[in-house]
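Written below as structure tokens is the structure these notes are about.
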2 protein chains.
Amino acid sequence: MNSPQERNGGFLPDQHDHGDCVAAALEDAIAVCGERGVRLTPVRRRVLEIIWQGHRPLGAYAILEVLSGEGHSPAPPTVYRALEFLLTQGLVHRLSSLNAFVGCSRPGHPGAGQFLLCTSCGTAAELNDPEIERAIERGAAAEGFVCRDHTVEISGLCPHCRGT
Amino acid sequence: MNSPQERNGGFLPDQHDHGDCVAAALEDAIAVCGERGVRLTPVRRRVLEIIWQGHRPLGAYAILEVLSGEGHSPAPPTVYRALEFLLTQGLVHRLSSLNAFVGCSRPGHPGAGQFLLCTSCGTAAELNDPEIERAIERGAAAEGFVCRDHTVEISGLCPHCRGT
DNA sequence: TACCGTAACATTATGATATTACAAAACAGT
DNA sequence: ACTGTTTTGTAATATCATAATGTTACGGTA
């Protein structure tokens with residue numbers, strides 16, 4: 001089995017085998033939930049899969065729409081509850097600058113991560129850059145502030161869109 | 001006149017003379033708008049003052065409520081338009097993790113800034129830390145990403161609340 | 001002063017995102 | 001099968017934001 005320690009959160013080639021990403025994410029999620037004795041129910045699992053369908057953040061109502069197209073038509077709370085579960089277990093991240101959700105590249109791990117958001121193609125990449133974290137920690141400490149969490153969302157152009 | 005180059009964005013003592021903050025912010029805003037030939041109309045000016053009433057971020061509808069209590073009862077678009085103007089002129093910032101707005105400590109200057117948000121008292125402080133910016137720039141460049149803008153919002157405990 | 005063009009504002013309605021409250025069903029342990 | 005807990009369903013509503021359209025105020029020109 002693949003270890004859920006760390007996955008590539010960066011920008012991938014356009015034609016990478018994306019089925020692998022979904023499968024791997026699911027495998028990790030099953031492992032993480034198994035270890036913790038929490039339940040990856042069908043709704044939760046399906047929401048996770050839908051989020052992993054692409055490397056671009058998806059809004060709650062977009063997820064809802066996908067589910068609706070599958071005969072299963074849940075109301076908003078169902079989706080938000082599944083998202084909350086996935087957030088709690090560290091399987092997805094919420095991007096507040098987009099009001100959207102994206103798969104976590106280090107499933108099950110705590111920590112906030114930093115995100116690169118391409119304004120052209122909508123793709124997101126996750127960093128877990130200790131330099132950025134240190135800089136933030138230092139900047140905060142200089143003000144006498146104790147960090148609990150952070151939101152770092154960088155918008156710009158990804159390597160693919162930069163050229164065009 | 002005070003130069004609008006840079007103000008203290010950090011955490012201030014509880015009992016600082018807050019009237020000064022509002023007055024100074026307003027003075028800066030008038031100067032900035034004057035230089036640029038844009039109009040700080042009564043609505044815009046009043047919204048800016050309301051935001052500066054405290055060092056804590058305020059939601060659009062909270063601003064609306066204050067205005068309503070003053071006899072003047074505008075609809076949401078009026079407030080959002082004023083906010084958009086103030087954002088464009090670099091007089092306020094939007095905090096996407098809170099859906100709220102806060103005064104800018106470097107009125108009129110471009111750039112995103114970083115924010116320390118106390119989860120206990122709701123106070124916000126602004127950093128403009130070159131180290132953090134460099135770290136972000138480097139982290140992004142390592143992925144081949146070109147930064148345009150960034151959102152850095154750090155939640156935790158401010159110096160005052162840390163003790164209690 | 002009267003006119004015109006533009007910028008700002010008002011009003012109504014609606015879109016988009018998220019939550020509350022409570023009822024029903026599924027599940028795990030016995 | 002019984003029981004308590006977790007999960008899901010459902011309806012209503014709160015919260016945040018914008019679209020579309022019309023009106024008013026301002027600044028320049030003659």
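What you see is a predicted model; the values in this text were computed from it and never measured.
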[N] [atom2] sits how many Å from [X] [atom1], rounded?
X	N	atom1	atom2	value
A:Leu95	C:dT17	CG	P	13 Å
B:Gln89	C:dA7	CD	P	14 Å
A:Glu84	C:dT19	CD	C1'	11 Å
B:Leu98	C:dT17	CG	C1'	16 Å
B:Leu40	C:dA8	CG	P	11 Å
A:Leu64	C:dG15	CG	C1'	15 Å
A:Ile63	C:dA16	CD1	C1'	14 Å
A:Leu87	C:dT17	CG	P	16 Å

_Would you say the base of C:dT17 stacks on A:Tyr61 (centre-to-centre below 5.5 Å, plane angle below 30°)?_
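A:Tyr61 ring centre within cut-off of C:dT17 base, planes near parallel; stacks.
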
Identify which nucleotide among [options] has an atom closest to any side-chain atom of [X], counting heavy atoms from C-beta outward.
X	options	result
B:Tyr80	D:dA19, D:dC16, D:dA11	D:dC16
A:Pro76	D:dT10, C:dT11, C:dT19	C:dT19
A:Pro74	C:dT12, D:dG9, C:dT19	D:dG9

So, is [X] close to the [N] phosphate, meaning a side-chain N or O under 4.0 Å from OP1 or OP2?
X	N	answer
A:Arg81	D:dG9	no
B:Arg44	C:dC9	yes
B:Thr41	C:dA7	no
A:Thr78	D:dT10	no
B:His72	C:dA10	yes

The answer to which of B:Asn99 and B:Ala82 contacts DNA chain C further toward the 5' end, by nearest nucleotide, is B:Ala82

Check your understanding: Using 30° and 60° as the class limits, which term best fits the ring planes of B:His18 and B:His55: parallel, tilted or perpendicular?
Key -> perpendicular

Q) Mind checking whether A:Gln114 and B:Val152 have side chains closer than 4.5 Å, heavy atoms only? A)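 The answer is no; the side chains never approach within 4.5 Å.
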
Per nearest nucleotide of DNA chain D, the residue lying toward the 5' end, A:Pro77 or B:Gly59, is A:Pro77

**Item:** Salt-bridge criterion met for A:Glu131 and A:Arg134 (N-O under 4.0 Å)
**Value:**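 Yes, A:Glu131 and A:Arg134 are salt-bridged.
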
Q. Is B:Glu84 salt-bridged to B:Arg81, going by a charged N under 4.0 Å from an acidic O?
A.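 No salt bridge links B:Glu84 with B:Arg81.
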
Taking every heavy atom of A:Phe101 against every heavy atom of A:Leu87, the minimum-distance pair comes out as CE2-CD1, 4.0 Å

